[in-house]
Peer 1: 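Pasting a structure here, questions to come.
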Amino acid sequence: MQIAMVQDKIVPFEDLAPVYLDRGTFFGDGVYEVLRSYDGHIFALEDHLKRFARSLNETNITGVDIDDIRTKVVEAFEKAKIDNAKIYFHITRGSGVRDHTSITNIKPNFFLTVTTLEDATEQKTNGIKVSTFPDWRWKRCDIKSLNLLANVLAKFDAQKKGCSEAILVNDNDQITEGSSSAFFAVIQSKLVTHPLGKDILPSITRKIVLEIARDTDLEVLEKTITPAQAKNADELFIAVTTRDIVPVVEFDGQMTGDGTPGKYTKQLMQKFAEMVKRF
Ligand code: PDD
């Protein structure tokens, strides 16, 4: 008799609900997106759908209609009636017996939540502390995959050190990005961030920050920096959908600038807020 055990209950294998056989759980075999709304409007929906379509394509997950995903996201968001919402969704390749390549007759599983976005005012006003952690991730960090164990372990380490974000450092002593954010430094009036490629997620907030920076006197440099350079930077910040720009005021225990959010960071935050109002 083929059986399974769920918590402490034995059930015949044939009776298992498909959710227990999700390849997302077995293999992290799926891709996801996180969006937000500002004052009742979903922000950058098309950018997120485009990135999602790319993640599906790069992982050969087929049978997903992006127009259908758009409809689902909008429908759920309207139903939830949360003005400042966090919208999470993922697709896994499907459910089936745990076999790496056995995927005939399975169809993708979709899951979505709309929840209230955490208030980031305190972090945005006073800035956050960050600490470094080795970038243990795989070599396709441009795909927004459900495999987030390395990110989770990095974030736990930061939390243990009293920090809000882990900044990932690769084997060449270069900063790639945050465990769940893009990372920026301001060094001598230059805005520096890791170039796009397979080492980092093509962050949508990162893209917007670089667009906004064109309206400032900051020169943009897409190049890597080391933790030592970050420690001596004039300003640091992270960027992520859920919190847009958050100033960093301490890096590996060392104060950044004068320990308060920097002037360029504040300028970019201001421009971001204005752009959100217009949108
Ligand atoms: N994380 N880099 C990584 C590794 C991320 O996980 C994220 C977002 C970002 C920022 O991307 P964007 O600007 O498109 O949100 C960069 C999401 C929010 C998460 O995993 O919860």
Side-chain angles (χ1 to χ4, degrees), residues 24 28 30-38 42-55 58 73 84-92 111-118 120 123-124 128 130-159 164-170 174-185 191 193-213 222 224 236-246 248 268-269 272-273 275-276 279:
V31 293
Y32 78 106
E33 274 300 326
V34 179
L35 298 87
R36 69 160 294 171
S37 66
Y38 287 94
I42 303 177
F43 185 68
L45 175 60
E46 293 310 314
D47 283 324
H48 285 276
L49 289 174
K50 198 167 147 201
R51 184 171 68 187
F52 191 61
R54 180 178 182 275
S55 295
E58 294 296 315
V73 169
N84 291 299
K86 175 175 174 175
I87 306 166
Y88 168 87
F89 65 87
H90 73 221
I91 288 264
T92 69
F111 177 74
L112 174 149
T113 56
V114 185
T115 53
T116 306
L117 205 57
E118 266 173 50
Q123 291 197 338
K124 290 170 74 81
I128 57 165
V130 302
S131 51
T132 52
F133 195 79
D135 194 342
W136 287 341
R137 299 173 303 165
W138 69 328
K139 294 190 169 73
R140 289 303 307 274
C141 299
D142 55 318
I143 300 170
K144 205 161 171 58
S145 124
L146 289 177
N147 291 274
L148 292 174
L149 185 55
N151 308 57
V152 168
L153 294 178
K155 193 85 125 193
F156 273 139
D157 178 77
Q159 193 184 46
S164 310
E165 176 61 308
I167 303 304
L168 305 176
V169 180
N170 69 18
Q174 295 167 331
I175 291 175
T176 49
E177 60 185 333
S179 70
S180 63
S181 60
F183 181 72
F184 291 82
L191 181 63
T193 194
H194 193 287
L196 289 181
K198 291 180 179 167
D199 298 345
I200 64 163
L201 183 78
S203 151
I204 287 155
T205 324
R206 174 190 183 280
K207 186 183 96 173
I208 298 170
V209 167
L210 294 183
E211 279 164 17
I212 290 173
E222 292 184 68
T224 53
L236 299 172
F237 64 89
I238 60 162
V240 54
T241 293
T242 45
R243 292 177 283 171
D244 50 73
I245 298 170
V246 181
V248 169
L268 290 167
M269 289 168 82
F272 203 107
M275 184 267 305
V276 165
F279 130 89

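For this chain, numbers begin at 1 and follow the sequence in order. Counting starts at 1 for both ligands and their atoms, in listed order. Bear in mind the structure is a predicted one, so any value in this text is a computation, not a measurement. Side chains are part of it too, since the values below use all heavy atoms of this structure and drop only hydrogens, waters and symmetry mates.
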Peer 1: Tell me which one of Tyr88, Phe52, Phe111 satisfies ring-ring contact (aromatic ring centres under 6.0 Å, His included) with Tyr32.
Peer 2: Tyr88
Peer 1: Present, as a list of atom pairs with distances to 0.1 Å, all nitrogen or oxygen contacts under 3.5 Å between ligand 1 and the protein.
Peer 2:
{"from": "ligand 1", "atom 1": "1 (N)", "to": "Lys144", "atom 2": "NZ", "distance (Å)": "3.3"}
{"from": "ligand 1", "atom 1": "2 (N)", "to": "Glu177", "atom 2": "OE1", "distance (Å)": "2.7"}
{"from": "ligand 1", "atom 1": "11 (O)", "to": "Ser203", "atom 2": "OG", "distance (Å)": "3.4"}
{"from": "ligand 1", "atom 1": "13 (O)", "to": "Ser203", "atom 2": "OG", "distance (Å)": "2.7"}
{"from": "ligand 1", "atom 1": "13 (O)", "to": "Ile204", "atom 2": "N", "distance (Å)": "3.4"}
{"from": "ligand 1", "atom 1": "13 (O)", "to": "Thr205", "atom 2": "N", "distance (Å)": "2.9"}
{"from": "ligand 1", "atom 1": "13 (O)", "to": "Thr205", "atom 2": "OG1", "distance (Å)": "2.5"}
{"from": "ligand 1", "atom 1": "14 (O)", "to": "Arg51", "atom 2": "NH1", "distance (Å)": "2.8"}
{"from": "ligand 1", "atom 1": "14 (O)", "to": "Arg51", "atom 2": "NH2", "distance (Å)": "3.0"}
{"from": "ligand 1", "atom 1": "14 (O)", "to": "Ile204", "atom 2": "N", "distance (Å)": "2.9"}
{"from": "ligand 1", "atom 1": "15 (O)", "to": "Thr241", "atom 2": "N", "distance (Å)": "3.0"}
{"from": "ligand 1", "atom 1": "15 (O)", "to": "Thr241", "atom 2": "OG1", "distance (Å)": "2.5"}
{"from": "ligand 1", "atom 1": "20 (O)", "to": "Tyr32", "atom 2": "OH", "distance (Å)": "2.5"}

Peer 1: For Thr132, enumerate each residue passing the side chain to side chain donor-acceptor pair (under 3.5 Å) test, keeping only those at least two apart in sequence or located in another chain.
Peer 2: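 Side chain to side chain donor-acceptor pair (under 3.5 Å) list for Thr132, sorted by chain: Asp252.
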Peer 1: Roughly how far, to the nearest 0.5 Å, is CZ of Phe89 from CD of Glu33?
Peer 2: 5.5 Å
Peer 1: How long is the span from the CD1 atom in Ile42 to the CD1 atom in Ile87, to the nearest 0.5 Å?
Peer 2: 4.0 Å
Peer 1: Tell me which one of Arg54, Arg137, Arg51, Lys198 satisfies salt bridge (charged side-chain N to carboxylate O under 4.0 Å, His left out) with Asp142.
Peer 2: Arg54
Peer 1: State the CD1-CD1 distance between Ile245 and Ile212, to the nearest 0.5 angstrom.
Peer 2: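 Here the interatomic distance stands at 5.5 Å.
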